[in-house]
Every structure is written in C-alpha cells, then in structure tokens.
*Asks:* 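So that we are looking at the same thing, I have put the structure below in structure tokens.
Whatever order the structure lists them in is the order used to number ligands and atoms, beginning at 1.
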Amino acid sequence: MADKPSYYITTPIYYVNAAPHLGTAYSTILADVQARFRRSMGYDVKFLTGLDEHGEKVAQSAEQHDMTPQAWCDSLVPAFKDLWAELEITNDDFIRTTQERQTRAVQHLWEVLRDRGYIYKGSYDGWYCVPEETYFTETQVHHADEERHTEGQHLCPDCGRPLERVQEESWFFKLSAFQEPLLKLYREHPEFVEPEIRRNEVISFVEGGLKDLSISRTSFNWGIPLPFDEKHVTYVWFDALINYLTAVGYGQPGEEAAAELARRWPAQAHIVGKDIIRFHCVIWPAMLMAAGLDVPGQVFAHGFLMVKNEETGKGEKMSKSRGNAIAPREVMDLLGVEGYRYYFMTDVVPGTDGAISFGRMHQVYNADLANSWGNLISRSLNMSAKYFDGCAPAKPAAADAFENPLAQVAEGIVGRYAAKMGAFAYGEAAAEVMELVHAANHYIEDAEPWALAKDPAKADELAFVIYNLLEAIRIAAHLLMPFMPQTSTEALRRISCEAEAGTDDLAAACAWGGLAGGQPVEKGDALFPRLQEE
Ligand code: MSP
C-alpha cells in the first residue's frame with residue numbers, strides 16, 4: 001500500500017438531527033464515485049464521511065425529545081449508516097464529532113492557535129441563526145416584510161427563519177488577518193475552489209473584507225470545551241471543520257497517528273454543497289494557515305438539486321412545505337440503487353443546480369441503461385452462448401483481421417474518461433462510455449451475427465464480431481464501475497472476468513484484447529428491466 005499515492009476525499013459531515021435526504025445522499029455519492037474511480041487508478045484512497053453532532057440545534061431537538069443530546073445523537077446514527085450501505089457507499093471511516101478523537105483534535109488546535117497568537121477573548125453581541133448555526137451582523141440581517149407578517153422580527157438572510165440575539169463572552173479567531181493570504185491562495189491555486197462560479201463568489205466575499213469570528217459559546221454546553229477555559233464550548237462549525245484533520249491522526253497520540261497525518265494531509269478533495277463554501281473556502285483554509293498546516297488541494301462545490309415543476313418547467317427548491325420533496329427511497333424503488341446512482345451522477349451537472357424529475361429519471365434509465373447498456377449485454381451474451389456452446393469465442397489471431405470499429409472507439413478511452421472523471425465531469429465521462437456502448441449496438445446491426453452464423457464459411461468473422469462485443473462489454477463494465485458497481489461486477493462475472501473487478505490499474509484492464517476468449521459466458525436475466533412510461 002505504502003508505495004501508492006494517497007488520495008484523501010471527504011464529504012461534509014451531516015447534521016445528525018435531520019434524516020438523510022436526497023441532497024445529503026447526492027454529496028455522498030458524488031464523493032463515492034470519485035473514491036472508486038481513484039482506487040481504480042492506483043491511488044490508496046481514504047474516503048471519509050460522518051456526522052456533525054454538537055451545537056445548539058442538536059441540543060434543542062434533544063430537549064424536545066426528552067433525551068440527553070448524546071442519546072439523541074446515538075439514536076439517529078443508524079439511519080445514516082444504513083442508507084449509505086444501501087447506496088453502496090465505500091467510505092472507509094465514519095467520524096462522529098462526539099468521538100474522543102474529535103475532542104482531542106479540537107482541543108489540540110485550540111492550544112496551537114493560542115500559542116501562535118490567533119485567538120483572543122472578547123464578547124459577542126449580534127445575531128445567530130440556530131438552524132443554520134451561523135452568525136450574522138446587524139447589516140446582514142433581513143428585516144421582516146409585511147407580506148410575511150413578520151414585522152419587527154430579525155430574519156436569517158439565508159433561510160428566512162427568525163434569528164436569535166446572542167450576547168455572550170466569546171473567544172474570537174483572527175480571521176481578519178487572512179484576507180491577503182486567502183486572496184493569494186485563490187490567485188495562485190485557482191483549482192482550490194471549483195467550479196469557477198463559486199471561486200468568484202468566494203473571492204468577492206473575501207475582497208469585501210473579513211471580520212474576526214466568534215468561535216466559542218457560553219450560553220449552552222453541548223460542544224467541546226476549551227482546554228483552557230472550560231465554561232466555553234467550541235462553535236459548532238469550528239468543531240465540525242476540524243473533523244477532516246481528526247480522521248487522519250491530528251492531535252492523536254502515538255507515532256502511527258503522526259505518520260498517518262504526514263501521509264494523508266493535505267486532503268486532495270472536500271466535496272461540499274454550494275451553501276457551505278464560505279466555511280470551507282474561507283474559514284477552513286484560514287484556520288489551517290493559522291495552525292501552520294497545508295490547505296487542501298480542492299474544495300469542489302456542487303449545486304442544489306431542484307425539483308422540476310412540470311407546469312412551469314422551472315426548477316424549484318425541494319421542501320416539505322411545498323410538497324415537492326423526493327425521498328431517496330422513492331428513487332430507489334423506481335430505478336434501483338444502480339439506476340439511482342447513474343441518474344444523479346450523470347444527468348445532473350455537478351457544479352450547477354440540477355432540475356430533477358421522475359419523468360427525466362424514466363427517460364435516462366430507459367435510454368441509457370435498459371435500451372443501450374442492458375440491451376447490449378443481453379444480446380451479446382445471448383449470441384455468444386448460443387453460437388459458441390455457452391462460451392466466448394476464442395481470441396482472434398489478429399485484432400484487425402476484419403474491420404474493427406469498436407477497437408477504434410475504445411482506443412484512448414481511458415485517458416479521455418479519466419480526465420473527465422478527475423474533474424468531476426461525470427456526465428461527460430459516462431458519455432465517453434456510452435459512445436462505446438452505442439457503437440457496439442450499431443456494430444451488431446451492421447455485422448448481423450445471425451446471418452454470419454448461417455454460413456460456415458463465415459465462422460471466423462462470427463467469432464471476431466462476438467469477441468469484439470464481449471470485449472466492448474468488458475471495457476464498458478470497468479468504466480461504469482464507479483457509478484454502478486453491482487451491475488458492472490455482474491456483467492464481468494457473466495463473461496468470467498469477475499477477478500478483474502476492483503482493479504487498481506484501469507488503463508491495463510481496459511487495454512483492447514484483454515479478454516482471454518473461450519471462457520464460459522452466462523446470459524442471465526436483464527440487468528436493467530425496462531420501465532413502463534409514466
Ligand atoms: N453540518 C454541516 C456541514 C459541516 S462540514 C464540516 C451541514 N450539514 S447538512 O446536513 O446541512 O448538509 C450538508 C450537505 O447537504 C451540504 O453539502 C449541502 O449542500 C447538501 N444539501 C442539502 N440540501 C441539498 C439539496 N437540495 N441539493 C444538493 N445538496 C444539498 O451543512
């Protein structure tokens with residue numbers, strides 16, 4: 001393992017008190033696809049996800065449920081772990097901010113920031129949004145409008161809910177000292193924030209000036225206490241961001257932890273939604289710089305999933321009150337887990353807000369999976385089994401004995417695909433694979449294997465065509481693996497290539513001519529049964 005380069009990728013840690021939903025599943029699958037892809041490219045991947053369990057919001061909901069905050073959090077964990085398992089998420093660590101390792105890391109960072117002179121004690125007097133766990137200044141606050149009958153109230157500029165007035169003693173982080181270093185970071189490493197639209201947003205925010213940040217609370221105690229001022233608990237976002245360091249050994253005792261930190265940090269990619277980029281692209285790198293640590297390679301901010309209003313054709317924010325919220329279960333019931341992953345990963349452009357709809361899910365599933373990929377597999381395996389006695393034909397002596405359009409399409413495919421996958425352009429990467437799949441379906445129409453099978457003089461050509469089809473399937477299965485691991489593994493199994501699943505050398509696995517030939521082939525049931533139109 002040690003000689004493989006490290007690739008460390010994270011999801012946001014989700015607030016424990018809201019059930020996992022389509023949006024949180026989206027962040028998680030996005031990271032999972034990248035983790036799987038990187039493993040196939042020979043990286044030693046660490047893929048982290050987990051839960052954000054402290055803060056006023058969690059403390060309040062625990063109280064409403066008449067439970068201690070810890071018991072309340074514990075009761076909510078299985079909903080996340082179960083859904084991630086069902087969605088085939090391959091995280092190799094699951095962090096909870098209530099774990100001891102998190103307390104150690106957070107307290108260690110407090111000490112480091114104090115020693116380095118980046119914190120000071122003062123008092124905070126301003127506004128706080130509990131649902132968003134965010135501070136707002138007087139000038140940012142929205143004032144109520146008549147229409148909403150909220151006169152006289154102070155509302156959150158992000159979510160519109162009433163704000164709480166906070167006046168308390170607090171420790172501050174000298175965020176204002178980092179305006180120039182941050183602007184330099186964005187200038188010299190534009191890839192630090194992707195896509196560009198988010199980078200521009202972050203830059204103009206920082207150019208507008210940075211204020212020091214209140215990073216401790218004294219009016220409740222559900223959080224990590226400061227090591228040198230016990231009546232303060234750490235501000236929940238400050239705590240949460242540190243999880244990315246905790247999981248790779250920061251602040252933990254022992255040489256192993258130090259070695260892990262040296263090997264894994266900085267992370268290559270943090271996947272986040274566009275709503276939390278200020279925390280990840282401004283506060284987080286400033287915290288790291290203050291602590292004398294490297295900043296991560298990239299924060300990739302995806303858009304929001306919007307539900308397409310069938311009447312107006314426009315995307316609307318999902319919400320329970322609008323009655324348009326879609327639960328992960330509904331999508332899984334319709335498309336299966338693999339169809340679910342494929343749809344969200346390839347049809348929603350990751351950097352933009354994606355308008356999703358059941359109609360479009362049907363369309364994409366039927367067009368790409370049932371009619372193209374699934375159909376290619378069942379037709380090809382059926383013909384192979386039928387004409388070659390349950391086996392694949394022998395490998396042709398030469399790849400160019402006859403015209404071979406599939407080998408041409410497959411030429412260089414891994415390079416093109418990998419460039420797109422690495423840049424989170426999953427739809428474009430999948431389109432490369434679909435080009436091969438479509439070419440293979442056309443090849444069947446053009447070569448007419450059923451006609452070749454009737455003419456003993458064409459036996460070589462028949463073997464050549466079927467071999468090429470199986471080879472295209474083998475390669476496409478490898479490339480679709482990050483999106484649809486189960487069905488891709490099953491496709492490989494049916495052509496006796498299951499040992500190749502989980503390769504860490506994708507380019508070698510996808511080299512044309514890798515199929516041994518002559519091995520058993522199993523037709524099996526349809527991998528993607530066609531959906532009836534709505
Ligand atoms: N706890 C913080 C993150 C701390 S990370 C150090 C948090 N948690 S969250 O539970 O609210 O959800 C986080 C993720 O879900 C974000 O990436 C957010 O963008 C994503 N989504 C929530 N609703 C969404 C959609 N409708 N669409 C896509 N993603 C959305 O914030």
*Asks:* Excluding sequence neighbours, so at least two apart, what forms ring-ring contact (aromatic ring centres under 6.0 Å, His included) with F279?
*Replies:* W237
*Asks:* Under the salt bridge (charged side-chain N to carboxylate O under 4.0 Å, His left out) test, which residues partner K231, sequence neighbours left out?
*Replies:* E169
*Asks:* If the threshold is 4.0 Å, N to carboxylate O, is there a salt bridge linking R96 and D52?
*Replies:* no
*Asks:* Using ring-ring contact (aromatic ring centres under 6.0 Å, His included) as the criterion, point out the one residue from F173, W127, Y124 that pairs with Y135.
*Replies:* Y124
*Asks:* Keeping to residues at least two apart or across chains, list the side chain to side chain donor-acceptor pair (under 3.5 Å) pairs with something in residues 186-198.
*Replies:* H189-E191, E194-R199, R198-E201
*Asks:* Please confirm whether the ring centroid of H302 lies under 6.0 Å from the ring centroid of Y26.
*Replies:* yes
*Asks:* Would you tabulate the polar-atom pairs, meaning N/O of ligand 1 against N/O of the protein, with distances under 3.5 Å, reported to 0.1 Å?
*Replies:*
| unit_1 | atom_1 | unit_2 | atom_2 | d |
| --- | --- | --- | --- | --- |
| ligand 1 | 1 (N) | I13 | O | 2.8 |
| ligand 1 | 1 (N) | D52 | OD2 | 2.7 |
| ligand 1 | 10 (O) | Y15 | N | 3.1 |
| ligand 1 | 17 (O) | S27 | OG | 3.3 |
| ligand 1 | 17 (O) | G273 | N | 2.8 |
| ligand 1 | 19 (O) | D275 | OD1 | 2.6 |
| ligand 1 | 27 (N) | L305 | N | 2.9 |

